[in-house]
Protein chains: 2
Amino acid sequence: MTDQRHTKEQILDIAENFLRDRGYNGFSYKDISISLGIRNASVHYHFPTKTDLGVAIIRRAIGRFESWAQSLESRGLGHSEKLDELCLRFKTFVDHEQQVCLGGALQTDFKTIPDEMQKETREFVSSMLGWLEGLLKDGRKQGVFKFPGKTRDQALLMAAGLQGAVQLVRATTPSSFDSIMRQMKLLVYR
Amino acid sequence: MTDQRHTKEQILDIAENFLRDRGYNGFSYKDISISLGIRNASVHYHFPTKTDLGVAIIRRAIGRFESWAQSLESRGLGHSEKLDELCLRFKTFVDHEQQVCLGGALQTDFKTIPDEMQKETREFVSSMLGWLEGLLKDGRKQGVFKFPGKTRDQALLMAAGLQGAVQLVRATTPSSFDSIMRQMKLLVYR
DNA sequence: GTCTATAACGTGATAGAC
DNA sequence: GTCTATCACGTTATAGAC
């Protein structure tokens with residue numbers, strides 16, 4: 001019984017890894033089954049269709065993001081530290097075999113993924129943008145962040161910068177990510 | 001004779017469109033052949049392998065970008081106008097069925113594309129980054145742009161922001177692109 | 001829950017006629 | 001240059017035994 005949840009979770013781990021590594025159309029049930037050491041049909045037992053699998057990956061990511069955001073609260077971090085933690089989160093992708101973030105991968109493949117996945121993707125992105133906007137709004141009010149214009153625009157720019165940064169690394173060098181983070185912070189703190 | 005070049009160019013147009021629309025693994029020779037009204041095998045006549053096709057798309061994009069940059073010179077545009085033109089270039093993708101930019105699509109699919117395409121992708125990105133860095137360096141020297149930090153970092157941030165922006169549109173709304181451009185300019189002009 | 005076996009279809013690619 | 005026909009293989013997915 002714990003075994004079921006265990007395998008299911010393992011499949012999600014592996015599939016999400018492939019998704020960030022190769023995109024939604026860049027991996028198959030066979031890849032997952034080989035990676036896990038079971039058979040193709042066994043993967044289908046846990047996730048009947050690839051759509052089910054894709055939706056589950058994104059839903060889990062949404063929950064994980066919200067838990068993460070919550071954990072920052074309970075650790076009592078300040079605005080500046082929270083922003084650092086977000087950047088660190090993306091840096092993890094780069095450090096882990098130059099993977100890209102889930103949102104970026106799903107948006108690039110957007111027109112090829114089923115409707116249910118598109119819907120979850122919007123939800124995921126909306127959740128992240130909402131959090132970031134809140135952080136920037138609060139941080140600016142308290143004088144931690146200093147940027148002109150609308151908070152919403154700044155949040156969008158940072159989200160775009162973050163997801164573009166992890167992708168750019170693949171065509172340049174890992175240090176590009178650090179460059180972009182450095183500059184992003186420079187512009188928001190002065 | 002002109003017909004050959006014509007069909008070949010049409011294939012490139014259609015394939016590049018698919019690539020920006022659905023990613024490298026999201027379209028097939030069949031899609032192209034149907035779209036062009038010829039047969040699968042005929043497409044293979046012009047581009048024997050999908051790798052050949054992919055490489056040709058990127059090479060053409062590199063040439064096109066350099067012609068575009070050159071055209072800005074002959075039009076005698078200033079630094080500020082050149083930056084506007086770049087943003088406009090990306091906005092075109094958004095306006096055209098919310099497509100993403102070639103660099104972003106290729107980077108997301110990077111680990112699934114053949115070596116030759118990876119090489120061309122690096123070349124393409126390098127070309128764009130070099131141009132942008134030159135623009136920012138010159139513009140800052142002349143007092144048009146005002147940003148702290150390294151020119152290279154700023155160029156990387158803007159490239160990441162641009163490619164992230166066209167992608168984010170898909171999961172949010174087209175106006176996100178305008179928001180991001182507005183904020184990007186705000187930060188580089190003050 | 002996992003297996004074997006297989007269906008139904010899509011993919012990149014090639015041979016050879018016209 | 002384009003066609004028909006076909007190959008070899010990968011894909012998602014299902015039926016049914018263990």
Side-chain angles (χ1 to χ4, degrees), chain A residues 1-19 21-58 105-106 109-118 120, chain B residues 1-19 21-58 105-106 109-118 120:
Chain A
M1 42 202 89
T2 60
D3 214 332
Q4 176 177 7
R5 177 144 286 156
H6 187 235
T7 302
K8 205 164 180 175
E9 208 68 22
Q10 275 184 303
I11 292 173
L12 283 174
D13 288 340
I14 291 167
E16 184 181 335
N17 237 298
F18 275 127
L19 181 47
D21 212 55
R22 309 165 58 87
Y24 186 70
N25 301 307
F27 74 95
S28 69
Y29 270 66
K30 194 185 180 188
D31 293 324
I32 298 170
S33 68
I34 290 175
S35 198
L36 191 55
I38 62 176
R39 295 297 189 168
N40 180 1
S42 306
V43 182
H44 276 284
Y45 168 80
H46 295 281
F47 298 97
T49 71
K50 201 178 179 183
T51 302
D52 295 327
L53 177 56
V55 167
I57 291 172
I58 311 173
L106 291 166
D109 291 338
F110 205 73
K111 296 194 185 178
T112 73
I113 63 179
D115 284 351
E116 300 99 303
M117 284 184 65
Q118 294 190 354
E120 295 298 327
Chain B
M1 41 208 89
T2 60
D3 215 330
Q4 175 175 7
R5 177 144 288 157
H6 188 234
T7 302
K8 206 165 180 175
E9 208 68 21
Q10 275 184 302
I11 292 173
L12 284 174
D13 288 340
I14 291 167
E16 185 181 335
N17 236 300
F18 275 127
L19 181 47
D21 211 55
R22 311 166 55 89
Y24 186 70
N25 302 306
F27 73 96
S28 69
Y29 270 66
K30 195 186 180 186
D31 294 324
I32 298 169
S33 68
I34 290 175
S35 198
L36 191 54
I38 61 177
R39 295 296 190 169
N40 182 0
S42 306
V43 182
H44 275 284
Y45 167 80
H46 295 281
F47 298 98
T49 71
K50 201 177 178 182
T51 302
D52 295 326
L53 177 56
V55 167
I57 291 171
I58 311 173
L106 290 165
D109 290 340
F110 205 74
K111 296 193 183 178
T112 74
I113 63 177
D115 283 351
E116 301 98 303
M117 282 184 66
Q118 293 190 355
E120 295 298 327

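Letters A, B, ... are given to chains in the order of the sequence lines, protein chains preceding strands, and every chain is numbered from 1.
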Distance, rounded to the nearest Å, where [X] contributes [atom1] and [N] contributes [atom2]:
X	N	atom1	atom2	value
Y29(A)	dG10(D)	OH	C1'	15 Å
I32(B)	dT11(C)	CD1	P	11 Å
N25(A)	dT12(D)	CG	C1'	12 Å
K50(B)	dG10(D)	NZ	C1'	13 Å
D52(B)	dT14(C)	CG	C1'	14 Å

Heavy atoms only: give me the nearest I113(B)-Y24(B) pair and the separation to one decimal.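 What the structure gives for the nearest pair is CG2-CD2, 3.7 Å.
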For the residue pair I11(B) and L36(B), what are the closest heavy atoms and their distance?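 So the minimum-distance heavy-atom pair works out to CG1-CD2, 3.6 Å.
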Does H46(B) place a side-chain N or O at less than 4.0 Å from the phosphate oxygens OP1/OP2 of dT2(D)?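 The answer is yes; a side-chain N or O of H46(B) sits under 4.0 Å from OP1 or OP2.
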When you measure from the side-chain N and O atoms of T7(B) to the phosphate of dT2(D), is any distance below 4.0 Å, counting only OP1 and OP2?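 For T7(B), the contact criterion (side-chain N or O under 4.0 Å from OP1 or OP2 of dT2(D)) is met.
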[options]: which one has an atom nearest the side-chain heavy atoms of [X]?
X	options	value
N40(A)	dA13(C), dA13(D), dT2(C)	dA13(D)
S28(B)	dT11(C), dT14(C), dT14(D)	dT11(C)
S42(A)	dC3(C), dG12(C), dT4(D)	dC3(C)
R39(B)	dT4(D), dT2(D), dT14(D)	dT4(D)
K30(B)	dA13(D), dG12(C), dT11(C)	dT11(C)
H44(B)	dT2(D), dA13(C), dT12(D)	dA13(C)
Y45(B)	dT2(D), dT2(C), dT14(D)	dT2(D)
A41(B)	dT4(D), dA5(C), dA13(D)	dT4(D)

Classify F47(B) by what it touches in the nucleic acid, base, sugar-phosphate, or nothing, heavy-atom distance under 4.0 Å.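 Here F47(B) touches no strand at all.
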Indicate yes or no: at least one non-hydrogen side-chain atom of K50(B) is less than 4.5 angstrom from one of F27(B).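 SC-SC contact between K50(B) and F27(B) confirmed.
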Between L12(B) and L53(B), is the side chain to side chain contact (heavy atoms under 4.5 Å, CB included) condition met? List the steps. CA-CA 7 Å; L12(B) 284 174; L53(B) 177 56; 4.0 Å; yes
Quick one: CG on L19(B) to CE on M117(B), what's the gap to the nearest 0.5 Å?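 The distance works out to 6.5 Å.
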